[in-house]
Each structure stands twice: as structure tokens, then as C-alpha cells.
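The structure under discussion appears below in the form of C-alpha cells.
Numbers for residues simply follow the sequence, beginning at 1.
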Amino acid sequence: MGIVTIAAAALALFASDGSLEDNGWERVRDQRQDEFSVKGGVVTMVCSPNPYKGACYRRKLGELPAKGVLEYEIRPNLPGSAYSNRYYLQVCCGSMMMSFASQSALRYFAKPKANWICVGKDRLANGEWNRVRVKWDNVRKVIKFYVNDMRIPSCVEEDATIDGDEGDPTSFSLRLGNYGLAEGFQPHKIRNLAVSAVEDAAAAKVPRDTALVFHGLCSEFFPIGEWTKGYPKDKVVDFFLEFQNYNYTPKNHSKITAYPDDDLCAAANLIILADVPLAAETLAYSAQENLLAAVKAGARMVVTGGLAGLQRGGDFESPIAKALPVKLESPWKAPAGGNVFRRDYGKGKIAVIVSAPKTKEIQ
């Protein structure tokens with residue numbers, strides 16, 4: 001059965017009440033004390049404490065799409081603090097495995113070198129349904145992970161691909177299993193599991209109606225609420241700084257908590273960087289390129305000063321720093337010549353506001 005056909009009828013993966021075998025899944029790792037059952041399109045997985053030896057089932061799908069999306073919902077059941085650092089469940093898509101520990105989602109690749117990374121830190125709610133989405137583009141070598149917030153990726157991996165089983169693109173499957181690191185029997189659930197091929201974001205017509213607001217060190221001193229007043233709440237996407245031993249030096253110790261990917265930037269009409277350091281450690285160069293691409297396509301960008309944004313934030317050779325209508329020369333000296341600078345950039349505009357403006361308007 002082709003992969004697109006399965007995705008178009010996602011419930012076919014769990015269409016019949018009963019066992020996973022009744023739904024076309026095959027057992028690939030046996031552990032009889034684990035129980036997997038289907039009812040009303042929901043799979044309940046009673047996982048036992050079997051480190052790395054829990055039961056696992058596979059559903060073969062056919063050929064791996066070069067650009068695809070995996071989506072599902074999970075409901076973890078972690079009854080006490082003793083389980084806070086325990087792994088549970090595995091959801092495998094081709095060469096990639098995802099597992100979960102407490103409130104966080106992790107992904108694992110066995111090759112070329114085995115490694116784990118956290119792709120959704122503290123984003124899962126215990127005892128509630130949580131949404132997970134993984135989008136991959138093997139042509140561009142980008143994988144995006146979304147956990148609960150489907151607008152903003154919780155993690156973006158570059159120079160990464162999802163391959164077929166054992167590296168064979170014609171042999172592609174999903175796998176569900178008990179990862180085994182648990183104490184006591186835990187009935188976790190999963191539903192709405194689907195895989196599909198996806199179109200290029202550029203091919204889809206997305207309305208440019210969203211404001212992306214990056215809140216930096218002194219963002220509260222700027223009238224951001226007035227600048228975004230014309231946007232509905234669901235069209236304002238906020239990003240925040242996460243501080244890591246921040247010092248007022250050219251060396252940056254902060255990081256944006258989420259990633260503005262190309263899909264989100266395609267919808268951006270206004271981008272505000274309110275006292276945000278422009279160093280790569282804070283806002284990745286690839287993310288800065290996404291934001292500038294949105295401006296070239298017609299969005300407006302406002303970059304403000306403060307304690308770090310145009311000075312102590314460091315990297316004056318970053319993509320956004322180079323695109324500004326002012327030249328940043330010193331971490332200790334604000335741009336000279338006025339408080340507001342503007343320039344055209346492609347079809348859009350970039351404005352620099354050195355310090356908190358007297359007016360609430362952006363021209």
C-alpha cells in the first residue's frame with residue numbers, strides 16, 4: 001500500500017478494535033507481558049519495566065517520500081515523581097526513533113553515529129493528549145519537530161535526513177514500542193498516527209498576515225502592543241530569550257527559545273526584534289536568513305537597540321546586522337546620526353530604532 005494512500009485514510013492504521021496484528025501490524029520484538037490493544041482508533045500500550053526489551057510492532061508503508069510529515073498524539077501516564085527521568089514509548093519512522101522522558105520529547109538516530117537530542121524540552125503534559133509533528137525535507141536536509149505548538153518548531157535540525165529502514169528508501173515503516181525504562185506497568189496511549197508526503201512551502205499560497213515578535217533584554221521599553229495592535233491574538237507569535245549566565249560583554253550567553261522556520265516566515269507581515277542579540281548563538285544564521293527572506297518578499301522588520309540588540313549582542317557580521325540601514329562598529333557605542341533609520345529591502349522595509357521612541361507609530 002502506498003504511503004499517500006495510508007495517510008489519506010489514517011484511521012486505517014488502527015481501524016479495527018482488537019490487537020495491532022488485527023490492524024496489519026507485525027510483532028518485531030516480543031515481550032508478552034506488554035499489552036498493545038486498539039479501541040476506537042486509540043492504541044493503549046501497557047508498558048512493563050523491561051529495559052530496552054519491551055514489545056515492538058511494525059507497519060510497512062512502502063517507499064519513503066523525500067519530503068514528508070509524521071503526526072500523532074500521545075497521552076503519557078506517569079503516576080509519580082519516581083518516573084520523572086524514565087524513558088517510555090518509542091515511535092519510529094524509518095531510520096528515526098522518538099522516545100519520551102517525563103515532559104520532554106527526544107529523537108534518536110543509530111547511524112552514522114548513535115546520538116540522542118532533546119527536540120521538545122518540557123512541552124508534554126502528563127495525563128493529557130499531546131500533539132507531535134515531524135516534517136522532513138531530505139532534499140534540503142532539514143528536519144523540523146513540533147511538540148504541542150504547531151506554529152513554531154520546538155527544534156530544527158539542519159544537515160539531517162530521515163532514511164528508509166536499514167537505509168533502503170523503498171522499505172519504509174512505522175514502529176510502535178515500549179522503550180522499557182519504566183517502573184511498574186504504565187498504560188500510555190497513542191492516536192491519529194499518520195504519515196504523508198508534503199508539498200513545498202513555496203508552492204502553497206500563504207497569506208502574509210502574521211507578526212513575529214522577538215522579546216529581548218529591554219523589550220518592555222518599546223510599545224510592542226501598539227505596533228501589533230492591528231493583528232488578532234492568534235496572528236502574533238512571540239519568541240523569548242533564554243538566558244545562560246548573561247554578561248554585558250560582546251560574548252553572548254542567551255538563546256531564542258524557538259526557531260522561526262521558513263514556513264512561519266512565509267506568513268510574516270511584521271517582524272520585531274526588540275533588543276535581541278544578533279549573534280549566531282542567540283539567533284541562528286539560518287533563522288536570520290529566513291527572516292530576511294520574509295522581508296525581501298514584502299514583510300517589515302523593526303530592530304531596536306537597548307542593552308544588547310545593536311551593541312553588546314556582538315556579531316556585527318551576522319546576516320541581519322549586515323542588512324541594517326546602519327553600520328554596527330562597536331559593542332560599546334550606539335549607532336550615531338539619529339534614533340530611527342530606515343531602508344528598503346527587496347519588497348519590504350527594515351527600520352532600526354536605537355532607543356525607546358517618543359511616538360508609538362512605525363512608518
Side-chain angles (χ1 to χ4, degrees), residues 140-142 156 158-159 201-202 208 210-219 222 224 227 237 239-241 246-357 362-363:
R140 294 175 54 211
K141 295 187 177 181
V142 175
V156 175
E158 298 176 303
D159 197 26
R208 195 169 288 283
T210 301
L212 308 184
V213 182
F214 295 79
H215 299 267
L217 212 61
C218 297
S219 62
F222 294 87
I224 293 174
W227 292 345
V237 181
F239 300 81
F240 299 92
L241 280 184
Y246 190 86
N247 294 311
Y248 298 123
T249 68
K251 179 62 179 175
N252 198 313
H253 297 278
S254 62
K255 183 177 179 62
I256 292 294
T257 56
Y259 185 96
D261 70 329
D262 50 350
D263 292 344
L264 184 61
C265 288
N269 183 55
L270 173 64
I271 299 164
I272 299 173
L273 295 167
D275 194 17
V276 173
L278 299 177
E281 295 89 347
T282 302
L283 189 59
Y285 278 7
S286 59
Q288 295 191 35
E289 295 288 1
N290 288 338
L291 296 171
L292 290 174
V295 179
K296 285 182 179 179
R300 294 173 297 154
M301 175 181 283
V302 178
V303 180
T304 81
L307 287 174
L310 299 175
Q311 299 164 253
R312 300 180 184 92
D315 202 345
F316 297 161
E317 296 300 314
S318 68
I320 289 179
K322 290 181 178 180
L324 296 179
V326 293
K327 186 175 181 180
L328 305 180
E329 296 180 336
S330 168
W332 312 111
K333 186 177 180 180
N339 190 51
V340 180
F341 304 83
R342 299 182 181 88
R343 66 165 292 194
D344 293 332
Y345 192 81
K347 296 181 180 179
K349 295 180 182 295
I350 297 178
V352 166
I353 301 177
V354 176
S355 60
I362 303 175
Q363 299 295 331

Could you tell me the separation between the CD1 atom of Ile224 and the NE2 atom of His215, rounded to the nearest 0.5 Å? 5.0 Å
Using a 3.5 Å distance criterion without hydrogens, assess whether the side chain of Arg343 forms a donor-acceptor pair with backbone atoms of Ala323. yes
Ser318: side-chain contact (heavy atoms from CB on, under 4.5 Å) partners, not counting sequence neighbours: Leu278, Tyr285, Gln288, Asp315, Ala321
With heavy-atom distances below 4.5 Å as the criterion, would you say the side chains of Thr304 and Leu273 are in contact? no
How close do Val142 and Val156 get, heavy atom to heavy atom, and via which atoms? CG1-CG1, 3.9 Å
Evaluate the side-chain contact (heavy atoms from CB on, under 4.5 Å) criterion for residues Val295 and Lys349: first the C-alpha distance (whole Å), next the side-chain angles of each, then the deciding distance (0.1 Å), finally the verdict. CA-CA 7 Å; Val295 179; Lys349 295 180 182 295; 6.0 Å; no
Mind checking whether Leu307 and Cys218 have side chains closer than 4.5 Å, heavy atoms only? yes
With heavy-atom distances below 4.5 Å as the criterion, would you say the side chains of Pro277 and Leu241 are in contact? yes
Suppose we screen for salt bridge (Lys or Arg N to Asp or Glu O under 4.0 Å). Which residues come up paired with Asp159, at least two apart in sequence or across chains? none
Going by the side-chain contact (heavy atoms from CB on, under 4.5 Å) test, name the single residue among Leu292, Ile271, Val326 that passes it with Ile350. Leu292
Any idea which heavy atoms bring Trp227 and Leu270 closest together, and the distance? O-CD2, 3.6 Å
Closest heavy-atom contact between Ala299 and Ala268? CB-O, 3.3 Å
Taking ring-ring contact (aromatic ring centres under 6.0 Å, His included) as the test, write out the residues that go with Phe222, two or more places apart. none
Closest heavy-atom pair, Leu212 versus Thr210, reported as atoms and distance to 0.1 Å, is CD2-CG2, 3.8 Å
When you measure from the side chain of Asp275 to the backbone N and O of Gly216, does any donor-acceptor pair fall under 3.5 Å? no
Sequence neighbours excluded, the answer for side-chain contact (heavy atoms from CB on, under 4.5 Å) partners of Lys327 is Glu329
Run the side-chain contact (heavy atoms from CB on, under 4.5 Å) test against Asp261 and tell me which residues pass, sequence neighbours left out. Lys144, Tyr146, Pro153, Tyr259, Asp263, Leu264
Would you sort out whether Lys255 and Thr282 count as a side-chain contact (heavy atoms from CB on, under 4.5 Å), showing the intermediate values? CA-CA 4 Å; Lys255 183 177 179 62; Thr282 302; 5.6 Å; no
Residues passing the salt bridge (Lys or Arg N to Asp or Glu O under 4.0 Å) test with Lys322, sequence neighbours excluded, are Glu317
Listed by chain and number, what are the salt bridge (Lys or Arg N to Asp or Glu O under 4.0 Å) partners of Arg140, not counting sequence neighbours? Asp262
Residues Arg208 and Gly298: closest non-hydrogen pair is CD-C, 4.3 Å
Least distance between heavy atoms, Val352 atom then Pro325 atom: CG2-CD, 3.6 Å
Rounded to the nearest 0.5 Å, the CE atom of Met301 sits from the NZ atom of Lys296 at a distance of 11.0 Å
With rounding to the nearest 0.5 angstrom, report the CG to CZ distance, Leu283 to Phe214. 6.0 Å
